[in-house]
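Below: one structure, written as structure tokens.
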Amino acid sequence: MSKPHPRALVWLRRDLRLDDNAALYHAVKSARQVFCCFILDTDILAALPRSDRRVVFILAALQELDEALRARGGALIVRHGSAAEEIPRLAAELQVQAVFCNHDDEPAALTRDAFVEERLASFNVVLQSFKDHVIFERREVMTAVGGPYGVFTPYKNAWLRKIEPFYLKAYPVERYLDSLATSELARGVPSLAEIGFEPATLPAHLGIGASGAQALFEDFVDRMERYDQARDFPAVKGPSYLSVHLRFGTVSIRRLAREAHQRLQAGDHGAEVWLSELIWRDFYHQVMHHHPHAMVGAFRREYDGITWEQGPQADALFKAWCEGETGYPLVDAAMKQLNQTGYQHNRLRMVTASFLTKDLGIDWRRGERYFAEQLLDFDLAANNGGWQWAASSGCDAQPYFRIFNPTSQSEKFDADGKFIRRYLPQLARLSSKAIHAPWQAAPLELQAAGVALGGNYPRPVVDHAIARERTLARYAVVKSRALP
């Protein structure tokens, strides 16, 4: 079969792997020579702290990817600059006829890609983009009247009705990799220092690159059947830990969904629950596509009428929340986990988000931004969806009057206090009953455990019962402004 393009460039973004990569597959099938590149985009990097775990993760993944390409006759071209400028420049230098990439539906990415497409077209280079990051995107799963879903369960049911082996099949990239080409422009992956960043520690258990994703997936397959029972307990090895690999595409979503769907058909309830989590991911991405306003404000616009706490007192409470100094042990241990590792257990993301918005009365967007800075697996659509779920302003969110009790959550999901003790060692000697609410413990028990409230551990910054009443009053505006 003839190949229409003598030369093509694959622009890797959220897809740092060779295996089952849609853009790479279409490129190597349609061009005689295929170059691969990644842009360390200064338009994104400029806003990040100089010690950022995600940058460390990306560079390590790029190093592994470059080695994999070189083993197959190619190499990775890495540029440091604005992607909007570097891609057209690189396409001209390589004299390619087409640039291949995978979709990125974040609003800023769509603007960037439209600009790049226009620049490329000015010298007769086409930009071709493909679905790769989700199973179903954009308008692929719609209601009977052709609109987007705003509630998860009907979306999930429609997703499951639509799914068939075709959508889960891997792209057979390996059989066409003889099209890979190298270039003198491929000079290896720069160091952190060369791009103006400093070292940061990555959690060892999350792995790096496609090999790390492979190891995690193999480990999780053996635990998947217990996922529904173990996933809510932060001291238990319940999650897959693959979220960062899905975020940067070091693993294929099709591979994960295919395994889960096959097990679901065999009656595996753990796989059914895990597949639901993957479908939530698709759901939030289609929400972002159809409702870009939700990326900056409430999905349900009437919730923009809520008056959040502001001023020095609110700032002090927000700082206490960020630093894990609220006096509520499960909340504090969760925030310590986030700050120390860049990871936070999914159940704890709900607990901490609910606490910020409904105990402290602070705008969910402040918490969303903090998570965006700290999470190694930060994904705009999922992070926004999770925060708006907790704040009750999103699609299919928890009702505003449903307010997590941080102490009850602690007693239910970390009953023995194992997780709390890991991140709050100053509370380690408290009993499994007292550790959830130290302020209720007898003074003698606190003294025997070496806990000094207001000293080595803070007193609660708010009273949950009082905060609950304030939240119900704060959200009352939603009733009066509700849309018909």
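Surrounding NZ of K412 are at most 12 heavy atoms belonging to other residues, nucleotides or ligands under 6.0 Å away.
S240 has its side chain within reach of W274: a pair of non-hydrogen atoms, C-beta onward, lies under 4.5 Å apart. At a threshold of 4.5 Å between non-hydrogen side-chain atoms, the residues L110 and D104 do not count as touching.
Checking side-chain atoms of Q388 against main-chain N and O of F299 turns up a donor-acceptor pair under 3.5 Å. Side chain of D15 to main chain of R13: a donor-acceptor pair is present (N/O by atom type, distance under 3.5 Å, no hydrogens or angles). Formation of a donor-acceptor pair under 3.5 Å by the H345 side chain with backbone atoms of D232 is not found in this model. No donor-acceptor pair closer than 3.5 Å links the side chain of R72 to the backbone N or O of E174. In this structure, the side chain of R254 engages the main chain of D20 through a donor-acceptor pair within 3.5 Å.
Judged by the 6.0 Å and 45° rule, R347 forms no cation-pi pair with F233.
Using bins of under 30°, 30° to 60° and over 60° for the plane-to-plane angle, the ring pair F152/Y155 lands in the tilted bin. Ring planes of Y284 and W280: tilted class, angle from 30 to 60°. Ring-plane geometry between F130 and H26 is classed as parallel, the angle between the planes falling under 30 degrees on a 0 to 90 degree scale with a further cut at 60. In this structure, H205 and Y343 have perpendicular ring planes: the angle between them is above 60°, well past the 30° mark. Ring geometry for Y475 versus Y400: interplanar angle under 30°, hence parallel rather than tilted (30 to 60°).
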Step-by-step salt bridge (Lys or Arg N to Asp or Glu O under 4.0 Å) determination, R17 to D19: CA-CA 6 Å; R17 67 185 187 281; D19 175 63; 5.3 Å; no

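Between R138 and the choices Q286, H285, H289, the side-chain contact (heavy atoms from CB on, under 4.5 Å) rule is met once, by H289.
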